[in-house]
Amino acid sequence: MKKLFKNLGVWILIAMLAGIVAGVVLGPSAAALKPLGDLFIQLIKMLVVPLVAISIISGAATLGDSKSAGRIGVISIGYILLTTLISVLLAIGAGELFRPGAGLDAGQLAGLITTGGDAGTAPVLSFWDTVIGMIPANPIQAFAEGNILQIIVFGLFLGFGISTLNGDKRLKVVNGLNYLLEALIWCIGKVMYVAPFGVFGLMADATGTFGFSILLQIANLVWVDLLVVFVMGLLVYPATLILFSRVKVRDFFRAMLKPQIIAFSTASSMATLPVNMEVCENELKLSKQTTGFVLPLGATINMSGNAIYYTLVALFFAQLYGIELSMAQYVTIALVSTLGSIGQAGVPGPTLMVVAVLVGAGIPIEGLPLLYALDRIFDMVRTTLNITGDAACAAVTDRFA
């Protein structure tokens, strides 16, 4: 019981329930509690740019060096990039088809947008305007303005450059980046202590202003996310196994049941890694060389479940705020979700990368704490899909390695 109450997720859940009760009791007066949520949002904004930049640079520096692994590296990384992009496109399709965030009056939701909200329709840009706009003319300006897409492009470019340095030089730079990440992770840990207060304030304000209708909208997001995860896990990954591996789909899912249960219960790809490696080597009969490279790499960068979540959250809030997305914003959501999920290595939890996707597409982030209480559910589901994708990637790579 003592461990349970030391769990931050439990306190966030308690704060959510307390916020709902406070909102029902206080009604519109609960808006007085909203500054608690605004404080939390501002603290998150403070950390998101340096965290995304450093994690992308560090991840790209490590990823770029994988060319030394030869064919295994090329095939596995190509598979990860392709399946992650497919998952994002599926999420966009489902988000537009089922529109989980639609249904509330956009005018009513104006109260959720605080300083810096970017609701509205973005200017229509051509394909080349979008591509050129991804490249920062001044990286420092991109950092100052919080242009997430430009920061990711610059971070990937610099990270791949670092990966070409001679061994000792590269190791020193990567270690330095990892030390910075550790410091930022400490900062995030401290900020997350404010999360229960922020969730309480925002839930009280939202419930007091809009009633339970906004909570029903969040339930819509849950089932649409589950639908896309099932399509990816039960159709796309099995299709790649049938087309490109020697492993039978029935044998694959029978063997994967154990690591999937562990992934679902722990919500951690790294915690599931030893079991996943054992299953792939002993039950799926994949080579030790392939599993030893692909599965640790996949546990770090193969995050299709996260990419689905990022994409759907972006569409959810765009629909919630009545924002008509332009083609440039769809491209931004797809790219930031794909690259952001890959660059998430070392980042505890998905929250800040979701912020990156929303900021990159010009969508307000003020309603994001409404999802925190359900984050454990989302996390268990996406982690189960992630480790399934890792094993599928290993099976495909093993055939061609």
Side-chain angles (χ1 to χ4, degrees), residues 52 54-90 134 152-165 167 170-171 173-174 177-178 232-233 236-237 239-241 243-247 269-270 272-273 276-277 280-281 284 286-308 310-311 334-347 353 382-383 385-401:
V52 169
I54 294 172
S55 63
I56 287 287
I57 294 169
S58 176
T62 305
L63 192 63
D65 187 54
S66 65
K67 62 180 180 293
S68 61
R71 187 181 296 179
I72 292 177
V74 171
I75 295 171
S76 58
I77 291 169
Y79 181 94
I80 289 168
L81 286 170
L82 180 61
T83 53
T84 303
L85 181 59
I86 290 172
S87 70
V88 168
L89 295 177
L90 285 172
M134 291 165 51
I152 287 179
V153 170
F154 173 75
L156 286 171
F157 201 59
L158 179 58
F160 286 133
I162 292 171
S163 73
T164 65
L165 298 174
R170 182 184 61 80
L171 192 60
V173 176
V174 171
L177 291 169
N178 288 335
M232 194 71 195
V236 176
Y237 283 140
T240 64
L241 291 173
L243 294 173
F244 305 114
S245 83
R246 299 188 186 94
V247 177
S269 295
M270 287 298 179
T272 313
L273 181 59
N276 211 5
M277 292 182 73
C280 286
E281 288 177 22
L284 298 181
L286 305 182
S287 73
K288 201 176 190 74
Q289 181 187 16
T290 300
T291 56
F293 177 86
V294 174
L295 293 182
L297 179 70
T300 306
I301 70 170
N302 187 20
M303 304 288 176
S304 57
N306 298 54
I308 290 168
Y310 303 156
T311 304
L335 288 175
V336 177
S337 296
T338 301
L339 299 177
S341 64
I342 290 172
Q344 194 194 324
V347 180
M353 205 56 74
R382 60 181 166 250
T383 302
L385 180 65
N386 291 342
I387 65 100
T388 303
D390 295 343
C393 179
V396 170
T397 303
D398 192 61
R399 176 180 175 181
F400 298 101

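For the single chain, residues carry numbers from 1 onward in sequence order.
- Residues that satisfy the side-chain hydrogen bond (donor to acceptor under 3.5 Å, both in side chains) test with D398, not counting sequence neighbours, are S287, T290.
- Applying the side-chain contact (heavy atoms from CB on, under 4.5 Å) criterion to L171, with sequence neighbours excluded, gives N175.
- Going from atom OG1 of T383 over to atom CE of M303 covers 8.0 Å, rounded to the nearest 0.5 Å.
- V294 places none of its side-chain heavy atoms less than 4.5 Å from the side chain of D390.
- Judged as a side-chain contact (heavy atoms from CB on, under 4.5 Å), and not counting sequence neighbours, the contacts of V236 are I86, L90, M232.
- Residues passing the side-chain contact (heavy atoms from CB on, under 4.5 Å) test with L284, sequence neighbours excluded: V247, F252, A255, C280, L286.
- For T240, the side-chain hydrogen bond (donor to acceptor under 3.5 Å, both in side chains) criterion is met by Y79, not counting sequence neighbours.
- To the nearest 0.5 Å, atoms CZ (R399) and CZ (R246) are separated by 6.5 Å.
- Contact of the T83 side chain with the Y237 side chain is registered, since non-hydrogen atoms from C-beta on lie closer than 4.5 Å.
- A search for side-chain contact (heavy atoms from CB on, under 4.5 Å) contacts involving F157 returns nothing, not counting sequence neighbours.
- The structure places CG of L85 at 4.5 Å from CG of L89, a figure rounded to the nearest 0.5 Å.
- Under the 3.5 Å distance criterion, the side-chain polar atoms of T397 are left unmatched by any main-chain donor or acceptor of A394.
- Taking both residues in full, the closest heavy atoms of I387 and N276 are given as O-ND2, 3.3 Å, listed atom of the first, atom of the second, then distance.
- Counting only distance, with no hydrogens or angles, the side chain of N302 and the backbone of I80 share no donor-acceptor pair below 3.5 Å.
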